[in-house]
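Presented below is the structure to which this report refers.
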Amino acid sequence: MSEESAADAGNADREFVVVVVEPETPGNVGTIARAMKNFGLTDLKLVDPPEIDRDSEAYGFAGHAREDVLPNADTVTLEEVVENYHTVGTTAITGEDARRHVRYPFKTPAELRESLATVDTDTALVFGREGTGLNNEELEQLDELISIPANPDYPVMNLGQAATVTLYELRSLFLDEYQLPEVEHERADEPEIERFYEQFHAFLAQAESRDHKRERSERLIRRLVGRAHPTSKEMTTLTGVFRRATDLMEHADHSERERDGAHDDERDDERRAR
């Protein structure tokens, strides 16, 4: 077994739970439950929650999480969570350096994802109250801190929003696969792209008489298409557009030559008549 496979096998039984400390409104609990369902988590733990019944906002906001995540939520104490899990607290207000060590150092959710990717440990993601978040005493009990990068003038997010963003960033720790296909974009085959370049060359032969301008334009379009990774449909469409443009210019040029020739004939006739 490769080292990567061994690591995957060792981490297969890792447990991730979401803990919400003293949520004030049932609606936010439902929103968090729904985000958990979206991104592959099922174990919700609540510290001093409000009353949550089937007719509350929690069930209204939970979507399909009302079927499993929400009704199976456990009521716990923060001390129980600290005793049984590697704990990661969330905070919008951070310390700038080690002199304010209660809220420093901290990671972004993306940095946490990278650091936990190869670590075999049961982890609790701990979110605080809507109005004040986790207090210093609670943060001092936790192992790590994360903070979502946001506008410095207004970094505090709604509790449900903060949980959703965090779980989205960490989703690869919980989900082996997504509803999205593995291949998000199929680049056109090289012969299709080369046919486009040939047609663009023919277009420039009609549109631009200066050699150095044509050469520069062809280099530019090759770099542009190379970065864009166009699909087969896009290449077919663009090739057709430039083919029609080339044909129109050729037809216009031919018509102009015919008009010039007719004018020459008229002038010849006039000279002979004199």
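Hydrogens, waters and symmetry mates play no part in the numbers below; they use all other heavy atoms, side chains included.
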Original post:
Please walk me through it: do Val21 and Phe127 pass side-chain contact (heavy atoms from CB on, under 4.5 Å)?
Top reply: CA-CA 6 Å; Val21 176; Phe127 298 90; over 6 Å; no

Indicate, with yes or no, if Tyr85 and Leu139 share a hydrophobic cluster defined by side-chain heavy-atom contacts under 4.5 Å among Ile, Leu, Val, Met, Phe, Trp and Tyr.
yes

Evaluate the side-chain contact (heavy atoms from CB on, under 4.5 Å) criterion for residues Leu134 and Thr91: first the C-alpha distance (whole Å), next the side-chain angles of each, then the deciding distance (0.1 Å), finally the verdict.
CA-CA 7 Å; Leu134 297 168; Thr91 180; over 6 Å; no

Check: Should Leu224 and Ile193 be regarded as members of a common hydrophobic cluster, given that ILVMFWY residues are connected when their side-chain heavy atoms come within less than 4.5 Å of each other, either directly or indirectly?
Finding: yes

By side chain to side chain donor-acceptor pair (under 3.5 Å), Ser115 pairs with (sequence neighbours left out) Lys107

Can a donor-acceptor pair be found, under 3.5 Å and without considering hydrogens, that links the side chain of Asp143 to the backbone of Thr87? yes

*In terms of hydrophobic clusters joined by side-chain contacts under 4.5 Å, are Ile146 and Tyr168 together?*
yes

Min side-chain heavy-atom separation Glu218-Leu204 under 4.5 Å = yes

With His86 as partner, the option from Asn84, Val82, Val88 fulfilling side chain to side chain contact (heavy atoms under 4.5 Å, CB included) is Val88

Test of understanding: clusters of I, L, V, M, F, W, Y form through side-chain heavy atoms closer than 4.5 Å, transitively. Do Val18 and Val165 belong to the same one? no

Could you check whether any side-chain N or O of Glu234 sits under 3.5 Å from a backbone N or O of Thr231, counting only pairs where one atom can act as donor and the other as acceptor?
yes

**Request:** Using a strict cut-off of less than 4.0 Å between a Lys/Arg side-chain nitrogen and an Asp/Glu carboxylate oxygen, indicate whether Lys45 and Asp43 qualify as a salt bridge.
**Result:** yes

Closest heavy-atom pair, Gly160 versus Thr31, reported as atoms and distance to 0.1 Å, is CA-CG2, 3.9 Å

ask   = With a 4.5 Å heavy-atom cut-off, do Leu46 and Val76 have their side chains touching?
value = no

**Study point:** NZ or CZ of Arg34 within 45° of Phe61 ring axis and under 6.0 Å
**Key:** no

The side chain to side chain donor-acceptor pair (under 3.5 Å) partners of Glu208 (sequence neighbours excluded) come to Arg210

Residues 16-29 vs side chain to side chain donor-acceptor pair (under 3.5 Å), sequence neighbours excluded, gives Glu22-Arg129, Thr25-Asn28, Thr25-Glu130, Asn28-Glu130

Exercise. Got Pro49 and Val20 here, is their nearest side-chain heavy-atom distance under 4.5 Å?
Worked result: no

- Query: Does Phe174 have Arg171 sitting over its ring (NZ/CZ under 6.0 Å from centre, angle to axis within 45°)?
  - Reply: no

Here the ring pair (Phe, Tyr, Trp, His ring centres under 6.0 Å) pairs for residues 200-227, sequence neighbours left out, are Phe200-Phe242, Phe203-Phe242

Quiz item: For the side chain of Thr90 and the backbone of Val126, is there at least one donor-acceptor N/O pair under 3.5 Å apart?
Solution: yes

Report task. Go through the steps for Phe39 and Leu170 under the test side-chain contact (heavy atoms from CB on, under 4.5 Å), then give the verdict. Result -> CA-CA 8 Å; Phe39 300 118; Leu170 301 179; over 6 Å; no

Checklist entry - Charged N to carboxylate O below 4.0 Å: is that the case for Asp211 and Arg214? => result yes

Is any side-chain heavy atom of Leu78 less than 4.5 Å from a side-chain heavy atom of Glu138?
-> yes

With the side chain counted from C-beta on, respond yes when Leu112 and Leu125 share a heavy-atom pair under 4.5 Å apart, and no when they do not. yes

Item to complete: Given side-chain hydrogen bond (donor to acceptor under 3.5 Å, both in side chains), test Thr239 with Gln199 step by step and report yes or no.
Response: CA-CA 6 Å; Thr239 301; Gln199 185 57 59; over 6 Å; no

Review point. Do the side-chain N and O atoms of Gln206 and Thr246 include a donor-acceptor pair separated by under 3.5 angstrom?
Key: no

Could you walk me through whether Glu186 and His229 pass the side-chain hydrogen bond (donor to acceptor under 3.5 Å, both in side chains) test, one step at a time?
CA-CA 8 Å; Glu186 291 186 359; His229 301 300; over 6 Å; no

Taken in chain and number order and not counting sequence neighbours, the residues that satisfy side chain to side chain donor-acceptor pair (under 3.5 Å) with Arg195 are none

Please determine whether a side-chain nitrogen of the Lys or Arg among Arg222 and Glu194 lies less than 4.0 Å from a carboxylate oxygen of the Asp or Glu.
yes

Minimal heavy-atom distance between Leu173 and Ala117, with the atoms involved, is CD2-CA, 3.8 Å

Asp122 vs Phe16, side-chain contact (heavy atoms from CB on, under 4.5 Å): CA-CA, chis, key distance, verdict | CA-CA 6 Å; Asp122 295 337; Phe16 289 90; over 6 Å; no

Between Ala65 and Pro71 the two heavy atoms that sit nearest each other are O-CD, 3.8 Å

Residue pairs passing the side chain to side chain donor-acceptor pair (under 3.5 Å) test with at least one member in residues 46-73, sequence neighbours excluded, are Lys37-Asp68

| Does Thr108 reach the side chain of Ile148, with side-chain heavy atoms less than 4.5 Å apart? | no

Could you tell me whether a side-chain N or O of Asn158 sits under 3.5 Å from a main-chain N or O of Gln161, the two making a donor and an acceptor? yes

